[in-house]
Amino acid sequence: METETATPWLNDAEQCAWRTYLDVNRMLTYQLEKDLQPFGLTINDYEILVNLSESAERRLRMSDLATATLQSKSRLSHQITRMENAGLVRRENCESDRRGLYAVLTDQGMDTMRKVAPHHVESVRKHFIDQLSSEALGDLHESLKPVAEQLRGRRGKP
């Protein structure tokens, strides 16, 4: 006989915390995306620009960039093509691995990053940081750190 285990449903406090997190995540992402639109960028474009601008020689292997941005290689390839057409990035062959490709931040991409970053930080501050006290920010960080670590450890696992 098959035994069925009971689902541990969320209690009222857990449900409230979960739904508030979902609401904030969706609304904040929407607002940050909206604030990037005047620059012709999506939040995913900006994330790619940040990753490339912070990497050695302003370049990353496409597979590493896909991992860093949590995108499939196919989706990232389409996005990089669009960003190449805008002059923000270019692809370069990897000399040590003929199958490998690098995404490289162009000078135009770096100029765009320098121009957009202050506006993005202002948006993050206005819609998130300034809404919380320093203590609340510290508590939020400490509260979410174990969730982030657990999920980071699960990358690529079912």
Any side-chain heavy-atom pair of [X] and [Y] under 4.5 Å:
| X | Y | result |
| --- | --- | --- |
| E142 | K145 | yes |
| E54 | N51 | no |
| T81 | R91 | yes |
| I80 | L65 | yes |
| D139 | L132 | no |
| D35 | H119 | no |
| Q71 | I48 | yes |
| L52 | V104 | no |

**Result of checking V89, L49, D107 against R58 for side chain to side chain contact (heavy atoms under 4.5 Å, CB included)** = D107
**Message:** Quick check on side chain to side chain contact (heavy atoms under 4.5 Å, CB included): which of Q31, K34, E122 does H127 satisfy it with?
**Reply:** Q31
Do you know the tightest heavy-atom contact between [X] and [Y]?
| X | Y | result |
| --- | --- | --- |
| A68 | E47 | O-OE2, 3.8 Å |
| E33 | I43 | OE1-CG2, 3.0 Å |
| R61 | C94 | NH1-SG, 3.1 Å |
| A13 | N11 | N-OD1, 3.0 Å |

Would you say that more than 12 heavy atoms from the other residues, nucleotides or ligands in this model lie under 6.0 Å from the [atom1] of [X], or not?
| X | atom1 | result |
| --- | --- | --- |
| R82 | CZ | yes |
| Y21 | OH | no |
| N25 | CG | yes |
| E14 | CD | yes |
| E135 | CD | no |

Taking [Y] as the starting point, is it possible to reach [X] by hopping between hydrophobic residues whose side chains are less than 4.5 Å apart?
| X | Y | result |
| --- | --- | --- |
| F128 | Y30 | no |
| Y46 | F39 | yes |
| I129 | V116 | yes |
| L137 | L144 | yes |
| M62 | L70 | no |

Could you measure the distance from the [atom1] atom of [X] to the [atom2] atom of [Y]? Nearest 0.5 Å is fine.
| X | Y | atom1 | atom2 | value |
| --- | --- | --- | --- | --- |
| S72 | H78 | OG | NE2 | 8.0 Å |
| T69 | R75 | OG1 | CZ | 8.5 Å |
| L88 | L41 | CG | CG | 6.5 Å |
| M27 | L22 | CE | CG | 10.5 Å |
| M83 | N44 | CE | CG | 9.5 Å |

**Message:** Distance alone, cut at 3.5 Å: any donor-acceptor contact between the side chains of T42 and D45?
**Reply:** yes
**Asked** Checking E92 side chain against Y102 main chain: does a donor-acceptor pair fall under 3.5 Å?
**Response** no
**Message:** Whether the side chain of T112 engages the backbone of Q108 through a donor-acceptor N/O pair (distance < 3.5 Å, no angle test) should be reported.
**Reply:** yes
